[in-house]
Amino acid sequence: MSMKRLILMVLVILAGTGWSENAQAQILGDSLVQAVAYWQKDYVFHYHVIESKLKIENSDSTVVDRNEKLMTVTVVDADETSYTLKVETDILAISDPEKLELTKAIAKKFGKKAFVTTIKTDELGSFTGVAASPKEQILYNELVAYTADEVWERLIAKDPEFAGTIDENSFKTMVIQSSGTLEQAVYKEDILKLLGFFGSQYSLKEPLVFDHQTPSLINPQTLMPAVAKIEAEIFNAEEHIFIIQQTTEVDPQVALKESTAMLATMTKDSQMAGKIAQLPQEIEKKNLVVEDWHLVSIQADLGVPFVYIGQRRCSANGYGIQHNMSIGITSEDEANKLRKQALF
């Protein structure tokens with residue numbers, strides 16, 4: 001395998017994985033805003049989710065993958081100290097044929113329950129954990145193991161020469177490990193992008209900048225040092241809508257070390273292992289940049305997140321991968337129209 005292809009693989013890994021979407025922080029003082037939930041049992045919110053992956057070449061970009069989902073959030077329980085939210089996802093579109101076939105296989109084996117998550121929040125709407133029964137925990141473990149098997153079989157069919165350089169058990173372990181526990185996996189769910197800022201107060205006067213440890217999504221057990229910057233501003237004073245945005249920076253060399261270490265554990269080809277060992281030096285010459293930015297708008301009176309916009313970009317000398325995501329609230333009528341487009 002050429003060094004160019006290995007570098008592209010690392011850029012894809014870095015852009016497709018990452019860190020905790022939102023760091024919680026408490027600020028006290030004047031001119032504050034706070035994201036607080038004001039929900040009642042049986043409230044239902046619908047969100048249209050659009051994801052895209054772009055290939056970046058200098059000033060040009062090409063969409064190489066685009067997915068659409070409908071996310072329905074139902075408040076199934078509410079009391080003075082907590083909320084329980086049931087999150088159901090309908091898959092509307094997957095442009096990547098391989099990803100589409102894998103998702104269809106998962107849906108065929110596990111049904112709609114594979115696309116349902118139940119979470120708990122505190123009285124402010126801040127995520128506190130997964131509300132999963134022992135059966136749901138077992139289902140998740142079976143789903144992850146099945147996915148690892150399916151991904152391996154499809155890799156062999158597509159590229160037997162490349163698959164011949166990879167150790168099967170190490171590859172499957174990597175897939176399972178990167179999925180994490182059910183609790184860790186929920187941090188990647190779309191709902192947490194909307195709720196990530198709930199429960200904390202944010203200053204309108206100056207940004208908050210702080211260091212924190214964030215889980216690597218290559219291996220959620222590993223914590224990586226990161227720097228976060230959170231800014232809040234009023235978007236519409238009359239409607240009481242405010243915006244919170246966060247940028248997160250992880251040392252690109254730390255992220256690079258994680259990615260190359262993952263590749264090294266999988267290979268059983270000595271020549272390929274030698275090339276992987278050279279990757280940090282090769283990519284460092286190419287000015288590796290890892291950028292992460294996201295924004296949420298919230299209607300303060302209702303405690304309802306309206307819109308999420310996120311972007312992650314990983315590039316080297318202007319060549320790389322960018323992930324974009326938008327989540328927008330939608331009406332029940334529009335949700336019903338979208339649901340008719342569901343693939344299964």
Ring geometry between Phe197 and Tyr202 (parallel below 30°, tilted from 30 to 60°, perpendicular above 60°)
perpendicular
Any chain of hydrophobic side-chain contacts (each under 4.5 Å) joining Phe242 to Ile327?
yes
Shortest non-hydrogen contact from Ala114 to Ile106?
CB-CG2, 4.1 Å
So, taking the atom named NZ in Lys120 and the one named CG in Asp77, what distance separates them when rounded to the nearest 0.5 Å?
6.0 Å
Mind checking what makes ring pair (Phe, Tyr, Trp, His ring centres under 6.0 Å) contact with Phe127, not counting sequence neighbours?
Tyr187
Using 4.0 Å as the upper bound for N to carboxylate O, is an ion pair formed by Asp149 and Lys172?
yes
Without hydrogens or angle criteria, can the side chains of Asp65 and Ser95 be said to hold a donor-acceptor pair below 3.5 Å?
yes
Within-4.5 Å side-chain heavy-atom neighbours: Val151 and Leu102:
yes
Fellow cluster residues of Tyr38, listed by chain then number, with links counted only when side-chain atoms sit under 4.5 Å apart
Val36, Leu124
Any side-chain heavy-atom pair of Asn141 and Leu143 under 4.5 Å
no
Interatomic spacing from NZ in Lys99 to NZ in Lys53 - rounded to 0.5 Å:
6.0 Å
Treat each ILVMFWY residue as a node, draw an edge where side-chain heavy atoms are under 4.5 Å apart, and state whether Tyr140 and Leu85 are in one component.
yes
Quick one, Met325 with Lys193, criterion side-chain contact (heavy atoms from CB on, under 4.5 Å). Give me CA distance, side-chain angles, the key distance, then yes/no.
CA-CA 10 Å; Met325 173 178 276; Lys193 294 175 173 62; 3.4 Å; yes
With rounding to the nearest 0.5 angstrom, report the CG to OG1 distance, Leu70 to Thr330.
8.0 Å
Check: Thr74 side chain, Val76 main-chain N or O, donor-acceptor pair, under 3.5 Å
no
pair Ser82-Asp122: side-chain heavy atoms closer than 4.5 Å:
no
Minimal heavy-atom distance between Glu80 and Glu123, with the atoms involved, is O-CB, 3.4 Å
Quick check for you: to the nearest 0.5 Å, what is the distance between Ser297 atom OG and Ile309 atom CD1?
8.0 Å
Who passes ring pair (Phe, Tyr, Trp, His ring centres under 6.0 Å) against Phe235, sequence neighbours left out?
none
Under the side chain to side chain donor-acceptor pair (under 3.5 Å) rule, collect the residues that match up with Asn236, sequence neighbours excluded.
none
Linking I/L/V/M/F/W/Y whenever any side-chain heavy atoms sit under 4.5 Å apart, do Trp293 and Phe306 land together?
yes
With sequence neighbours excluded, tell me which residues meet side chain to side chain contact (heavy atoms under 4.5 Å, CB included) with Ser133.
Lys135, Glu136
4.5 Å side-chain heavy-atom contact, Thr121 and Leu195:
yes
Heavy-atom side-chain proximity of Ile119 to Ile191 below 4.5 angstrom
yes
Might you point out which heavy atoms bring Gly199 and Ser126 nearest each other, and give the distance in Å?
CA-CB, 4.3 Å
Determine, step by step, whether Ile329 and Tyr308 satisfy the side-chain contact (heavy atoms from CB on, under 4.5 Å) criterion, reporting the C-alpha distance in whole Å, the side-chain angles of both residues, the deciding distance to 0.1 Å, and the verdict.
CA-CA 9 Å; Ile329 197 165; Tyr308 166 90; over 6 Å; no
Quick one: are Met71 and Val73 in side-chain contact, heavy atoms under 4.5 Å?
yes
Excluding sequence neighbours, so at least two apart, what forms side chain to side chain donor-acceptor pair (under 3.5 Å) with Lys113?
none
Where do Gln322 and Gln311 land on the side-chain contact (heavy atoms from CB on, under 4.5 Å) test, with the steps shown first?
CA-CA 7 Å; Gln322 177 174 308; Gln311 180 183 101; 3.2 Å; yes
Please check if Ile50 and Leu194 belong to a single hydrophobic cluster, counting links between Ile, Leu, Val, Met, Phe, Trp and Tyr side chain heavy atoms closer than 4.5 Å.
no
Side-chain atoms of residues 226-234: list all donor-acceptor pairs with protein atoms under 3.5 Å, sequence neighbours left out, distances to 0.1 Å.
none

Salt bridge or not between Arg66 and Glu68? Use side-chain N to carboxylate O under 4.0 Å.
yes
For Ser61, what residues pass the side chain to side chain donor-acceptor pair (under 3.5 Å) criterion, not counting sequence neighbours?
none
Checking Val75 against Gln40 for the side-chain contact (heavy atoms from CB on, under 4.5 Å) test, could you report, in this order, the C-alpha distance in whole Å, the side-chain angles of both residues, the deciding distance, and whether it holds?
CA-CA 7 Å; Val75 182; Gln40 294 182 9; over 6 Å; no
Taking only distance into account, with no hydrogens and no angle test, what donor-acceptor pairs under 3.5 Å do side-chain atoms of residues 335-344 form with protein atoms, sequence neighbours excluded?
| from | atom 1 | to | atom 2 | distance (Å) |
| --- | --- | --- | --- | --- |
| Asn336 | OD1 | Arg339 | NH1 | 3.0 |
| Asn336 | ND2 | Glu332 | O | 3.3 |
| Arg339 | NE | Asp90 | OD2 | 3.4 |
| Arg339 | NH2 | Thr72 | OG1 | 3.0 |

Linking I/L/V/M/F/W/Y whenever any side-chain heavy atoms sit under 4.5 Å apart, do Val49 and Val63 land together?
no
With ring-ring contact (aromatic ring centres under 6.0 Å, His included) as the rule and sequence neighbours excluded, what pairs involving residues 53-107 come up?
Trp39-Tyr83
Using a strict cut-off of less than 4.0 Å between a Lys/Arg side-chain nitrogen and an Asp/Glu carboxylate oxygen, indicate whether Glu98 and Arg154 qualify as a salt bridge.
no
How about Lys112: does its NZ atom have over 12 heavy atoms from other parts shown lying under 6.0 Å from it?
yes
Nearest-0.5 Å distance that lies between atom CD1 in Ile166 and atom CE in Met174:
8.5 Å
Under 3.5 Å, is there a donor on one side chain and an acceptor on the other for Gln246 and Thr248?
yes
Nearest 0.5 Å, please: how far is CD1 in Ile176 from OG1 in Thr181?
13.5 Å
For Asp211, the side chain to side chain donor-acceptor pair (under 3.5 Å) test, sequence neighbours excluded, returns none
Please check if any side-chain donor atom of Asp333 sits under 3.5 Å from a side-chain acceptor atom of Ser331, or the reverse.
no
Using 30° and 60° as the class boundaries, would you call the ring planes of Phe45 and Tyr47 parallel, tilted or perpendicular?
tilted
Who passes side chain to side chain contact (heavy atoms under 4.5 Å, CB included) against Thr118, sequence neighbours left out?
Thr84, Lys86, Ala131
Heavy-atom closest contact (Val175 atom, Ser179 atom, distance)
O-OG, 2.9 Å
Check: Tyr146 and Phe110 side chains under 4.5 Å, non-hydrogen atoms:
yes
Determine whether Thr89 and Ile91 make a side-chain contact, defined as any pair of heavy atoms from C-beta on separated by less than 4.5 Å.
yes
